[in-house]
Amino acid sequence: MKILITGFDAFGGEKINPSTEALKNIRKNILDCEVITTTLPTVFNESFEKIKEEITKHDPKIVICVGQAGGRKNITVERVAINIDDARIADNKNNQPVDEIIRDDGENAYFSTLPIKAIIENLNENNIPAEISNSAGTFVCNHIMYQTLYLANKNNNNFNAGFIHIPYLPEQTVNNNLPSMSLDTIVSALENIIETSIKFYGKNDLKINAGKEH
Ligand code: PCA
């Protein structure tokens, strides 16, 4: 079985993107599965063109997209992607869509098909702070999660997919007082997430409460 895991290039004035830094360091064979990594451009439609090419080429059974969520302190496992682009800042090709529907023939939203509860439980058991997030925002990360789940949906869900947001690396927070997580911890988290996704492939997620009031 193949797993595709993607990161993004740096955006919004940052010199690096922690997702790409982490993917350089993750194990490429986990539980006898081949782990394929790639970096996507932080650009609305192009990011999807690239991931679609990779999915067509490798036929992965699990697709995990990873991106930076500057200011969040935990690993956040996204529950849902919504059918809207609304960019506060321009992407890396100067696109700044406002309130644009991603797919006219798509659902309003798609839920992650990764075992999000099991992922959180396994991360926390390994002393890695992690929680569910109920919004991936409305920028390129939500866009890629939506587009990837749309693609899976149109193909009879022949692969599982979802999105993980990760905090800044320490070097990105030297002057801004924002939370960060070490590269080693992020790398272990992503390896752990891949393991859980493989173990739960074809099975139901755990039913444990990870809800929030707001
Ligand atoms: N984070 C952005 C896009 C690329 C990335 O790493 C986001 O959260 O939308």
Step-by-step side chain to side chain contact (heavy atoms under 4.5 Å, CB included) determination, Ile119 to Ile75: CA-CA 10 Å; Ile119 286 172; Ile75 300 283; over 6 Å; no
Applying the 4.5 Å side-chain criterion to the ILVMFWY set and letting contacts propagate, would Tyr201 and Leu190 be lumped into a single cluster? yes
In terms of hydrophobic clustering (I, L, V, M, F, W, Y; side-chain heavy atoms under 4.5 Å; direct or indirect links), are Met181 and Leu178 co-clustered? no
CG (Asn192) and OG1 (Thr185) are apart, to the nearest 0.5 Å, by 12.0 Å
Whether Asn126 side chain and Ile128 backbone form a donor-acceptor pair below 3.5 Å: no
What's the spacing between Ile164 CD1 and Ser197 OG if we round to 0.5 Å? 7.0 Å
Lys/Arg N to Asp/Glu carboxylate O, Lys199 vs Glu195, below 4.0 Å: yes
Over all heavy atoms of both residues, which pair between Thr20 and Gly7 is shortest? Give the atoms and the distance, please. OG1-C, 4.0 Å
Asp86 backbone acceptor or donor facing Asp99 side chain under 3.5 Å: no
Examine Ile132 and Ile82 and state if one hydrophobic cluster contains both, with Ile, Leu, Val, Met, Phe, Trp and Tyr joined whenever side-chain heavy atoms are less than 4.5 Å apart. no
Within a reach of under 6.0 Å around CG of Asn204, are more than 12 heavy atoms found that belong to other residues, nucleotides or ligands? no
Cluster question for you: counting only ILVMFWY and a side-chain heavy-atom cut-off of under 4.5 Å, with indirect links fine, are Ile186 and Tyr168 together? no
Counting only N and O atoms by type, is there a donor-acceptor contact under 3.5 Å from the side chain of Asn83 to the main-chain atoms of Arg103? yes
Answer yes or no: is there a donor N or O on one side and an acceptor on the other, between the side chain of Asp205 and the main chain of Ala118, under 3.5 Å? yes
Would Leu114 and Ile62 satisfy side chain to side chain contact (heavy atoms under 4.5 Å, CB included), going step by step from the backbone distance to the final call? CA-CA 8 Å; Leu114 298 179; Ile62 300 171; 4.0 Å; yes
Distance (rounded to the nearest 0.5 Å) between Gln147 CD and Ser47 OG: 7.5 Å
Examine distances only and state if a side-chain atom of Gln96 and a backbone atom of Ala87 form a donor-acceptor pair shorter than 3.5 Å. yes
Just wondering, do Ile26 and Ile194 contact through their side chains at under 4.5 Å, heavy atoms? yes
Pairing donors with acceptors under 3.5 angstrom, does anything connect the side chains of Asp91 and Thr42? no
Answer yes or no: are there more than 12 heavy-atom neighbours, outside Asn176 itself, under 6.0 Å from its atom CG? yes
Is it true that Lys61 and Asp59 have a side-chain N and a carboxylate O under 4.0 angstrom from each other? yes
Residues in side-chain hydrogen bond (donor to acceptor under 3.5 Å, both in side chains) with Ser180, at least two apart? none
Hey, is the main chain of Ser188 close enough, under 3.5 Å, to the side chain of Glu191 for a donor-acceptor pair? no
Phe200, Met1: one ILVMFWY side-chain cluster at the under-4.5 Å cut-off? no
Sequence-distant partners of Glu46, salt bridge (charged side-chain N to carboxylate O under 4.0 Å, His left out), two or more places apart: Lys93
I'd like to know whether CG of Asn29 has more than 12 heavy-atom contacts from other residues, nucleotides or ligands below 6.0 angstrom. yes
Under 3.5 Å donor-acceptor, Asn25 side chain and Asp184 backbone: no
Is any side-chain heavy atom of Thr6 closer than 4.5 Å to one of Glu54? no
Tell me, do Leu23 and Thr39 make a side-chain contact under 4.5 Å, heavy atoms counted? no
Residue pair Pro179 / Gly71: nearest heavy atoms and the distance that separates them: CG-O, 3.3 Å
The remaining residues in the hydrophobic cluster of Leu4, counting side-chain heavy-atom contacts under 4.5 Å among Ile, Leu, Val, Met, Phe, Trp and Tyr, are Phe8, Phe11, Ile36, Leu40, Phe44, Phe48, Ile51, Ile55, Val63, Ile89, Ile102, Tyr110, Phe139, Val140, Ile144, Met145, Tyr146, Leu149, Tyr150, Leu151, Phe159, Phe163
If hydrophobic residues (ILVMFWY) are linked whenever their side-chain heavy atoms come closer than 4.5 Å, directly or via other members, who joins Val174 in its cluster? none
Evaluate the side chain to side chain contact (heavy atoms under 4.5 Å, CB included) criterion for residues Lys50 and Thr38: first the C-alpha distance (whole Å), next the side-chain angles of each, then the deciding distance (0.1 Å), finally the verdict. CA-CA 9 Å; Lys50 173 115 192 243; Thr38 194; 3.5 Å; yes
Show which residues join Val80 in its hydrophobic cluster (side-chain heavy-atom contacts under 4.5 Å, direct or indirect), or state none. Phe111
For the student: nearest non-hydrogen atoms of Ala10 and Asn92, plus distance: O-ND2, 2.8 Å
CA sep, side-chain torsions, deciding dist, call: Asp105, Lys154, side chain to side chain contact (heavy atoms under 4.5 Å, CB included): CA-CA 10 Å; Asp105 65 341; Lys154 294 285 172 210; 4.0 Å; yes
Quick one: list whatever passes side-chain contact (heavy atoms from CB on, under 4.5 Å) with Ser135, sequence neighbours left out. none
Pairwise distance NZ(Lys212) to CD(Glu131) - rounded to 0.5 angstrom: 4.0 Å
Once you round to the nearest 0.5 Å, how far does CD1 of Ile64 lie from OG1 of Thr37? 12.5 Å
For Glu14 and Gln172, does a side-chain donor sit closer than 3.5 Å to a side-chain acceptor? yes
First locate atom CD of Glu78, then atom SG of Cys141, and finally report the distance between them rounded to the nearest 0.5 Å. 8.5 Å
Using a distance-only test with no angle check, is there a side-chain donor-acceptor pair under 3.5 angstrom linking Asn17 and Ser19? yes
